[in-house]
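After the structure tokens below, expect a handful of questions from me.
Lettering of chains follows the sequences in order, A, B, ..., and the numbering in each one begins at 1.
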Amino acid sequence: MTSESDAYERRSAAPVIAPVRPRKLAKVPFVELSEGRLQGVVSSGSDVERVYVSSITAGDHGLSCNTNNNRPCGGLSGGTRACNHLRALAEAAVAQYGLDRVARYLRVTLPDGAGDLWSGLHTTTAPNRAAEVFSGFLRHLAYLEVPPTADPLPELQWFPAAGAVR
Amino acid sequence: MLADALRSRPAGLDEALALIDGLDDALVHGLARIDEDRAAALESFAAAFTGSPLAGRVSDSIGKVVAGTVTDDHVAVLAGARSALTGAVHDALLAGLDEALGRVREPWAAPAGPAHSGQVLAGGRSWLRELAIAGWRGVDHELANGGAQVVSALLADPAGRRLAVLLDGFSAELRCAAPVATLDRVPVRRWADLWSRAVLLSQETFPAHEAAPADGRFLLLGVDLHEHPTVFRAQAHGLLESPGGGVRLVRTSVAAAKVDTISGPSAWRMLSAFPVFRAALAGQRVVELSGMPLTPGGDLLWDESRAAVGEPADPFAAARVRLGGVSAPAVAPLDRHPAAIAEPVLLEGYTAGEGSFDLGGVTLAVDSDRLPEAGPLTPALVAASTACLGLLRWDGGRWAVQPLAVQATVRKKPVTVHTADWALGPTEAKAAKAEATAGTAVEVLRERAGRLLRR
């Protein structure tokens, strides 16, 4: 008989990824915690053809913000004071994953009662990762163009649809 | 009868699971780091195959792995042997259940069709081998990301979809958990399951099976929803009444690719290519099928042009009249796994408690983790229910029921609620408003894709 203590370890349907919370996507269409960074894409306020690719590294909190055409963001301009794009990115990440999960991933120690990620970030500058992150965003968008299927996909029995946080 | 089956533990079950756990534990630390205890567990695993056709290959592969050589071939043998054990567990559990339910299981008789091949599969195999060598504890960001390229290549080929969907869900979990060395608890059985399913699917010899056209009436029993960050799938369980008079259990499903920010009721929007399917689900309507392909494993391959929606038919009435003694589809040999058991049942006359049903003689757990946000069925409705259509599942050492529909009494009024009631959008004002807001995500992303993708 499986004991209670290792029930999680011996469950085929053990939950691993917490469901993301719904949020508005118009300003920040893409956010992910990946490759040791909080990274994503922020729509430009002035030009519908342009997006900013922003990231914050875990651990040393290195900031980076560039356009999809690889021009440096004027707001950040290589400094350590977050631009509006980075602030929007962090806000979207907190809305999507919750403050605790984002803080844990970035290895941020928040002061007691802090409701804001920035109070715990000691920012540095980081190398430009715009090309990688932008291609990740394009891969993400490409899922919307994958045709649907009626294949029985038996392995989906391992992936129940996300339950509500009721 | 059912109570007995749910309470009993088939002979040899615990021993088989202990062997599986031995292999699974070796995968936690990786095949490159096998200590004495793990080597002993692997040797017992190999010994269990003595006298079977797999004996030679299993003992040879385990010997090589313990000695420090891990090839694609050894990895395939480990996954194959593990699936023989999970298959045996599946058979023992399902046989007991079939007997208790008076369900006649069709024998598997389909010949293996032509398998598919390709360079893409080799990429998948090599990533899966690296994972096995490193072990879950050795998965860092880079190794976790290794699955992404394989998935992109597989998605481009319809024949690669099954493996692509599995690898994408699996690698998303690894990415989320990386670096796994610092994770509190590792889902040992789950990742070993997903890994070994993927290893088998990435063999060129994995068999495909031909579907045959089927006619008749499809009567809906209930709908199960599946999801991971990049897929949403609705799978309907139902009864197929053949023109000849036979009745059998079948399933049919449609799945759409999506992204993680599309979830909950708005995920149904991704299935807009299937208006007939969604209308049948939302209204519990009969579907007349003409020449819809049916696999030997009981899956109708949904085709909108071969389906016509008929009059509403109450799934509870259909289950009361037709579910007893129904014939059930055979299970494809390589799909036999306890976690793949999802047997439709109608439960009545129970006492609903907090998270369980007292069936009289046995307490059956309710799997509340499988009540999706995309539908209106809630734990409170289940707790207030007097009849439940659901799927019997076995996981974590016990049986549980996943409700798909309930008849309940709410504020002294009888209500009936099905998981797919919102297939055409939420029918309740508050949920509809939330869906309308969340649903704009789909439009925003489509607009972004339109502007940025074709450059």
Query raised in the report: Measuring from Arg233(B):CZ to Thr149(A):OG1, what's the distance to the nearest 0.5 Å?
Result: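 Atom-to-atom, Arg233(B):CZ and Thr149(A):OG1 are 9.5 Å apart.
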Report task. Mind ranking Asp299(B), Asp193(B), Val444(B), Val254(B) by heavy-atom pairs under 4.5 Å with chain A and telling me who comes out on top? Result -> Asp193(B)
Report task. Rounded to the nearest 0.5 Å, what's the gap from CG on Asp395(B) to CZ on Arg10(A)? Could you check? Result ->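 That separation rounds to 12.5 Å.
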Query raised in the report: Taking side chain as C-beta onward, heavy atoms only, is Thr440(B) less than 4.5 Å from Leu25(A)?
Result: no
Requested in this report: Could you tell me which portion of Phe134(A) (side chain, backbone, both or neither) has an atom closer than 4.5 angstrom to a non-hydrogen atom of chain B?
Outcome: side chain
Query raised in the report: Just by distance, with hydrogens left out, do Asp184(B) and Tyr8(A) show a side-chain donor and acceptor under 3.5 Å apart?
Result: no
Query raised in the report: Think Arg190(B) forms a cation-pi with Phe159(A), using NZ or CZ under 6.0 Å from the six-ring centre and within 45 degrees of its axis?
Result: yes
**Report entry** Part of Val48(A) lying under 4.5 Å from any heavy atom of chain B
**Finding:**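 Both parts, backbone and side chain.
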Query - Interface moiety of Arg50(A) toward chain B, non-hydrogen atoms closer than 4.5 Å - result: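 Just the backbone, heavy atoms under 4.5 Å.
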**Report entry** Which of Pro229(B), Pro187(B), Ala273(B) touches chain A most, by non-hydrogen pairs under 4.5 Å
**Finding:** Pro187(B)
Query raised in the report: Do the non-hydrogen side-chain atoms of Arg11(A) and Asp369(B) ever get within less than 4.5 Å of each other?
Result: yes
**Report entry** Gln96(A), part contacting chain B, at a heavy-atom distance under 4.5 Å
**Finding:**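 Only the side chain of Gln96(A) comes within 4.5 Å of chain B.
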Query raised in the report: Does any heavy atom of chain B fall under 4.5 Å from the side chain of Arg21(A), the backbone, both, or neither of them?
Result: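 For Arg21(A), there is no contact with chain B at all, as no heavy atom is under 4.5 Å.
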